[in-house]
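Structure, as structure tokens:
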Protein chains: 2
Amino acid sequence: MPKTPRRHQEDLASLFSLGFSALNEELHERLNELGFGDFRPMHGFLFQGLIPDGATAKTLVELLGISKQAVSQMLDYLEERGYVVRKPHPSDGRGKLVVLTERGQALMKAKESIYSTIESRWGAIIGNDRLQMMRSDLKRIIESVSEGDAPKKLRPSW
Amino acid sequence: MPKTPRRHQEDLASLFSLGFSALNEELHERLNELGFGDFRPMHGFLFQGLIPDGATAKTLVELLGISKQAVSQMLDYLEERGYVVRKPHPSDGRGKLVVLTERGQALMKAKESIYSTIESRWGAIIGNDRLQMMRSDLKRIIESVSEGDAPKKLRPSW
DNA sequence: AATATGAAGTCAATTAAACTGACCAATTTT
DNA sequence: AAAATTGGTCAGTTTAATTGACTTCATATT
């Protein structure tokens, strides 16, 4: 019974993508168990822009690389479900400051904890030193890439 | 002028995502210059399933983790533009075998070449040994993750 | 051999999440 | 004080996914 040839993805793009998928799928499974089932993968990218002090929609647009209307819709969704609030902006009357609610912060805490569990499991596989190496090498590469160019969008586009 | 605080993404999920974005954006810029402007990022994942001998839609569905109708639509798109052909399946009259055309193969070659250019640039940043380490560590992690579990989808979902 | 069940793929209609365009209110520039 | 710019929303549109219904061929059960 010739089952699943299990072809090997060798190129870095596939490896990054699979690595991300692995992290992300487990994260959202766990979050779902914790009652955050309405939090979708894309929202994680947005949340990255909200720590530690909140952000304007403008900032999120730049971070995510999507239209401001799309950001606004996502914020509606997240606000309805109690993850974020739009406050008036302290210094700019046009703008609004989006901040995490208690619930949003609880989710971020859960996220940290879940990631750290996964990462320590990964550390057991390749060694903690190697995992740290990977992290710091990746950081260097990404810094270097986003130097000359326009800074890369956090969210991959496809 | 407090410009772009350049906050640092430290967690692996962000790093993988940014790494993927960097690769992918440059890839598609170059492909566009080479006349493959109608080839979209998502199609790259599908192509991975077609090498070396083609595949059925069924297989692609499993690989990509999307509905068979969605795969069928993507194939329509790619077939119209001359990247793939649907042939009758040699041993199963229901199925069709999707294979790369000349043009599709040319694109794959271009892709290889572009990735290898980028990777050698990255090798210059962190050292080739470290880049190989990253690649092999990633492979080990991904193998290990997809062992017990259902195998991870190639395409991240968000 | 006949029929039932399942699998591969397509057609059609729908939904979701992005998009563009038009606009308002507040700010900054001249 | 206009004029131009900026942050954000409202409305309508496109696109890529979805689900549902169906056809054809394959496999299993009598």
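Chain letters run A, B, ... following the sequence lines, proteins first, then strands; residues in each count from 1. Values reported hereafter were calculated over all heavy atoms of this structure, with side chains retained and with hydrogens, waters and symmetry mates removed.
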Notebook entry, point to check: At their closest point, which heavy atom of B:L131 faces which heavy atom of B:E119, and how far apart are they?
Noted result: CD2-O, 3.3 Å
Note to self: Counting the atoms with a prime plus P, OP1 and OP2 as sugar-phosphate, which does B:K58 contact under 4.0 Å by heavy atoms, base, sugar-phosphate, or nothing?
What the structure shows: sugar-phosphate
Next item on the list: Round to a whole Å and report the spacing from CG of A:L63 to P of D:dG7.
Entry: 16 Å
Notebook entry, point to check: How close or far is atom C1' of D:dT6 from atom CG of A:L97, stated in whole angstroms?
Noted result: 17 Å
Check: Should A:S67 be listed as having a side-chain N or O under 4.0 Å from OP1 or OP2 of C:dC19?
Finding: yes
Notebook entry, point to check: Toward the 5' end of DNA chain D, which comes first, A:S72 or A:R94, by nearest nucleotide?
Noted result: A:R94
Item checked: A:D76 CG - C:dA18 P separation (whole Å) -> 12 Å
Margin query: Rounded to whole Å, please give me the gap between CD in A:Q73 and P in D:dG7.
Written below: 20 Å
Next item on the list: With DNA chain C as reference, determine whether B:A55 or A:S91 sits nearer its 5' end, using the nearest nucleotide of each.
Entry: B:A55
Item checked: Whole-Å distance separating the CG atom of A:D92 from the C1' atom of D:dT6 -> 8 Å
Next item on the list: Specify the angle, to 10°, made by the local axes at the two ends of the helix from C:dA1-D:dT30 to C:dT30-D:dA1 when five pairs are taken at each end.
Entry: 20°
Checklist line | Ring geometry between B:Y83 and B:F36 (parallel below 30°, tilted from 30 to 60°, perpendicular above 60°) | finding: tilted
Notebook entry, point to check: Is a side-chain N or O of A:T117 found less than 3.5 angstrom from the main chain of A:S113, in a donor-acceptor match?
Noted result: yes
Item checked: Integer-rounded Å distance: C:dA17 P and A:Y77 OH -> 7 Å
Checklist line | Value in whole Å for how far the C1' atom of C:dG9 lies from CD1 of B:I66 | finding: 14 Å
Margin query: Counting only heavy atoms from other residues, nucleotides and ligands, does the tally under 6.0 Å from CD of B:E102 exceed 12?
Written below: no
Notebook entry, point to check: Of B:K96 and A:M74, whose closest DNA chain C nucleotide lies nearer the 5' terminus?
Noted result: B:K96
Margin query: Strictly below 4.0 Å, N to O, side chains only: are A:E62 and A:K58 in salt-bridge contact?
Written below: yes
Notebook entry, point to check: B:E79 and salt bridge (Lys or Arg N to Asp or Glu O under 4.0 Å): which partner among B:R103, B:K87, B:R86?
Noted result: B:R86
Next item on the list: Tell me which of B:Q69 and A:A57 sits closer to the 5' end of DNA chain D, going by the nucleotide each one is nearest to.
Entry: A:A57
Next item on the list: Starting from the C-alpha separation in whole Å, work towards a yes-or-no answer on side chain to side chain contact (heavy atoms under 4.5 Å, CB included) for A:H28 and A:F39.
Entry: CA-CA 8 Å; A:H28 285 274; A:F39 190 80; 3.8 Å; yes
Check: CG of A:D38 versus P of C:dA16: gap in Å, rounded?
Finding: 15 Å
